[in-house]
Amino acid sequence: MPGLTILGTGSYSPPFALTNEMLESIVETSGEWITLRTGIAERKIAAETESTLSMATAAALKAIGNIDKASIGLVVCATITPDYITPSLSCLLQRDLELREDILAIDINCACSGYVTALKTAHSLLADMPGRVALILGCEMLTRITDYTDRTTCILFGDGAGAAVIRRDSDGEFSFDSGAKGSVEMLACKAQYISNNPFMPRPLDLVPAGITMNGQEVFRFAIETCSESVKRTLAGAGVDIGSVEHFIFHQANRRIIDGIVRKLGISTERCLINIATHGNTSSATCAIALDDLFRSGKVKRGDKIIMSAFGGGLTYATAYFVQNREI
Ligand code: UT7
């Protein structure tokens, strides 16, 4: 079966940390409540001068390292907070990273499941690009679409970016599982457009941009779908869960990760958990966590890795692969 190898990873987190204590002066909450209910101690907020593109570029440059940029044939960016509707983040990365022009550059919107979906998308598309590698990213500027009067959401979200350069291999192991269940009620952020269209009978009803969410419902959806999706992914690959060395779950709430871990009967020792210092950065959580995992020096050649995420859409996605070399 065609496998997948990570050749390089990188991430970027803005320096400014919004702590739980700071949030106490913004909304009616307590640092203790946030820590107990979410496992988050702080989340990073991008400066006014930063953009989704600047964070993506910083993460991508680290991931590329000494890899020949001319070998990149594909850029897949997962984001729900691009700087522009068009041009895409991927096209702007082609310019800023000075990548060759005969590439495919695409953005995908699967919210928090985006990076895992980008991995699958790249793995599939690389089949038609022999000799080329792919740059995949998860990048979000969530604090620009966060409503800081809503204590049920503003305590969760942060900014950041993660990237990886991946190669499709003729042998190896790769397996994927995903799902979608359309719902505006569970989790949404409405798009805003210009309202001066003279052909409308009345001014368009513009809702302030901001993430809205039914937290408890998403919580239940997350534990159930992620644990079942991991089981299906491993069954598809014929792999026993006990032999998987590394698990990366979407970092949305520490209690959700604990719930998935319990349902799967695995130990948290095998999970990369960094939610305490990053909060929920949507598509960037798995991307940053993958970089943290590789930089920890714990990944050895032949290690089995699972990444699983859930989020707006609603969507979920799980990828399993064996890392074919040390980086
Ligand atoms: O990336 C994917 C998208 N998002 C998620 O995955 C989020 C999934 N959901 C969650 O993480 C959790 O549901 C939340 C963190 C959003 C909320 O935690 P919870 O344990 O589900 O709390 P709850 O909604 O059951 O609320 C319990 C209480 C309520 O008060 P009452 O009605 O019991 O008096 C809330 O009003 O906690 C209250 N509450 C807060 N209290 C202090 C809600 N938010 C806060 C807050 N500070 N920030």
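Atoms within a ligand are numbered from 1 in the order they appear, just like the ligands themselves. Scope of the values below: all heavy atoms of this structure, side chains included, with no hydrogens, waters or symmetry mates. This one's a predicted model, so the numbers in the text were calculated from it and none came from an experiment.
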*Enumerate the residue pairs fulfilling salt bridge (Lys or Arg N to Asp or Glu O under 4.0 Å) with a member in residues 112-133, sequence neighbours excluded, ordered by first and then second residue.*
Asp102-Arg132
*What residue and atom, counting heavy atoms only, is the protein's closest point to atom 4 (N) of ligand 1, and at what distance?*
Met213 SD, 3.1 Å
_Below 4.0 Å from ligand 1: does a non-hydrogen atom of Cys112 turn up there or not?_
yes
_With a sphere of 6.0 Å drawn around CZ of Arg301, does it hold more than 12 non-hydrogen atoms of other residues, nucleotides or ligands?_
no
*Without swapping roles, check the side chain of Gln251 against the backbone of Ile275 for a donor-acceptor pair under 3.5 Å.*
yes
*Please identify which atoms of ligand 1 are closer than 4.0 Å to at least one heavy atom of Ile155.*
48 (N)
_N-O pairing of Lys44 and Asp159 below 4.0 Å_ = no
*Is any heavy atom of the protein nearer than 4.0 Å to atom 33 (O) of ligand 1?*
no
*Should Glu245 and Lys298 count as an ion pair when the cut-off is N to O under 4.0 Å?*
no
*Run the salt-bridge test on Arg167 and Asp169 with the 4.0 Å N-O cut-off and return the result as yes or no.*
yes
_Thr153 contact mode with ligand 1 (heavy-atom cut-off under 4.0 Å)_ = neither
*Looking at OG of Ser13 and CD1 of Ile45, how far apart are the two atoms once the value is rounded to the nearest 0.5 Å?*
12.5 Å
*Exercise: identify the closest heavy-atom pair between Val76 and Ala118*: CG1-CB, 3.7 Å
*Got a salt bridge between Arg262 and Asp258, using NZ or NE/NH1/NH2 to carboxylate O under 4.0 Å?*
no
_Applying a heavy-atom cut-off of 4.0 Å, say which part of Ile256 lies close to ligand 1: side chain, backbone, both or neither._
side chain
*Can you list the ligand 1 atoms lying under 4.0 Å from a non-hydrogen atom of Gln216?*
13 (O), 21 (O), 23 (P), 24 (O), 25 (O)
*asked:* If the cut-off is 4.0 Å to any non-hydrogen atom of Ala252, which atoms of ligand 1 fall inside it?
replied: 1 (O), 6 (O)
*For residues Leu264 and Lys231, determine if any side-chain heavy atom of one lies less than 4.5 Å from a side-chain heavy atom of the other.*
yes
_Under-4.0 Å heavy-atom contact between protein and atom 30 (O) of ligand 1_ = no
_Quick check on contacts: which atoms of ligand 1 are under 4.0 angstrom from a heavy atom of His250?_
1 (O), 2 (C)
_Shortest heavy-atom approach to atom 40 (C) of ligand 1 - which of Trp33, Phe157, Phe310_ = Trp33
*Shortest non-hydrogen contact from Ala122 to Ala134?*
CB-CB, 3.8 Å
*Sub-4.0 Å atoms of ligand 1 with respect to non-hydrogen atoms of Asn253*: 10 (C), 11 (O), 12 (C), 15 (C)
*Is there at least one protein heavy-atom neighbour under 4.0 Å from atom 8 (C) of ligand 1?*
yes
*Which part of Thr38 is near ligand 1, with near meaning a heavy atom under 4.0 Å away: side chain, backbone, both or neither?*
side chain
*Short check: is a protein heavy atom less than 4.0 Å from atom 22 (O) of ligand 1?*
yes
*asked:* Below 30° counts as parallel, above 60° as perpendicular, anything between as tilted: where do the rings of His250 and Phe310 land?
replied: perpendicular
*Looking at Thr152, which atoms of ligand 1 are within less than 4.0 Å of one of its heavy atoms?*
16 (C), 43 (C), 44 (N)
*May I ask you to identify the nearest protein heavy atom to atom 48 (N) of ligand 1, giving residue, atom name and distance to one decimal place in Å?*
Arg151 O, 3.0 Å
*Subset of ligand 1 atoms that lie under 4.0 Å from at least one heavy atom of Gly215*: 8 (C), 9 (N), 13 (O)
*May I ask which of Arg37, Glu32, Arg220, Glu217 has a heavy atom nearer to atom 19 (P) of ligand 1 than the others do?*
Arg37
*Thr315 side chain vs Cys110 backbone, donor-acceptor pair below 3.5 Å*: yes
*Quick one: nearest non-hydrogen protein atom to atom 47 (N) of ligand 1, plus distance?*
Thr29 OG1, 2.6 Å
*Which of the numbered atoms in ligand 1 are below 4.0 angstrom from a heavy atom of Arg255?*
20 (O)
